[in-house]
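The structure appears below as structure tokens.
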Amino acid sequence: MTTVIDGKAVAADVREQLANSVDTLRDADVTPTLATVLMSDDPASETYVSMKQRDCEEVGIEARDVRISADAPADELFETIEDLNADTDVDGILVQMPVPDHVDKQAVLRSIDPEKDVDGFHPENVGRLVAGDARYKPCTPHGIQKLFESIDLDPEGKDVVVVGRSDIVGKPMANLLIQKAEGGNATVTVCHSRTRDLAEKTRQADVVVAAAGVPELVDGSMLSEGAVVVDVGVNRVDADTEKGYELVGDVDYDSAAEKASAITPVPGGVGPMTRAMLLYNTVKAASRQEDVPVELP
Ligand code: GUN
């Protein structure tokens, strides 16, 4: 039997616990506040930001929705970030990626106050994560750790293959899994577009995390019997649907599910967890900056 890992249910559980933490903060006259900044016309980015705004409202986090024209000068974004850094009512800042080509992405990440960097992308926070002293764990890999917990999967001693080396998922996922800490202690192989024989690597794995951004890259023939499969992919591919596209993961679900002991669906797997862990980091940011201790899930 293959377990379908229910990201929606695990995320709902996290949100419910976070709503209690928000109550604790509000009892201490603290309103946790997240500012999202969108500098893009990309409909997918707009959708992601709207969902994040809605998630905040649901657990009692105040959300500020800052929009900057995609063709505005880069300085407009940097000035906005400066203002949000200085605003003591704002606990968390998220600049939706990607930013336009004329904006230096690394400079954007460096410009966010590391205490408010709820994505965990500032180099100081990346460094702390690698050093085993994370301030904010990046949302997607943290959410995947919670999914592992939900199926009682302890990565300790497991062979994990991470497919993809992005700054947002692949790299932080690998770093979390090799930590000498709960949820870590795995033996991790990171594969990417230059890996010579991907299938040979994934077939050795107890756990495969597919985060390459390539539709249906990983199929059942590339898995060992009983592997746990996590699909991070959200790829728009042309299709004969109302919208003209459909969303496809990095895993060929049907063939993978035949081999896997547990697998995340797309949608309803990793996506809801990424969103829930952003709320987690925002609550943590408010707790840290306002010096009000809260319990976190
Ligand atoms: N774009 C795609 N994923 C993310 C994310 O987790 N955070 C931000 N800021 N932008 C993204």
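Only this structure's heavy atoms are used, side chains among them; waters, hydrogens and symmetry mates stay out. These numbers were taken from a predicted model, which means no experiment stands behind them. Note that ligands are numbered from 1 as they come in the structure, with each ligand's atoms numbered from 1 the same way.
Looking at atom 1 (N) of ligand 1, its nearest protein heavy atom turns out to be M97 O, 2.9 Å. Atom 4 (C) of ligand 1 has its closest protein heavy atom at I168 CD1, 4.0 Å. Among all protein heavy atoms, the one lying closest to atom 7 (N) of ligand 1 is D119 OD1, 3.0 Å.
Atom CD of E16 has 12 or fewer neighbouring heavy atoms from other residues, nucleotides or ligands inside a 6.0 Å radius. By the neighbour-count criterion of 12 heavy atoms within 6.0 Å, atom CG of D240 is sparsely surrounded, having that number or fewer from other residues, nucleotides or ligands. The number of heavy-atom neighbours closer than 6.0 Å to CG of D27, taken from other residues, nucleotides and ligands shown, is above 12. Shown here is E295, whose CD atom has no more than 12 heavy atoms of other residues, nucleotides or ligands within 6.0 Å.
By the criterion of a heavy-atom distance under 4.0 Å, neither the backbone nor the side chain of L278 is placed next to ligand 1. The proximity of F121 to ligand 1, defined as any non-hydrogen pair under 4.0 Å, is limited to the side chain.
Closest approach of T264 to Y253, counting heavy atoms only: O-CE1, 4.1 Å. The two atoms that bring P114 and N125 nearest to each other are O-ND2, 3.1 Å, heavy atoms only.
Heavy-atom contacts of V95 reach the following atoms of ligand 1: 8 (C), 9 (N) (cutoff under 4.0 Å).
For Q96, a nitrogen or oxygen atom sits less than 3.5 Å from a nitrogen or oxygen atom of ligand 1, counting backbone and side chain alike.
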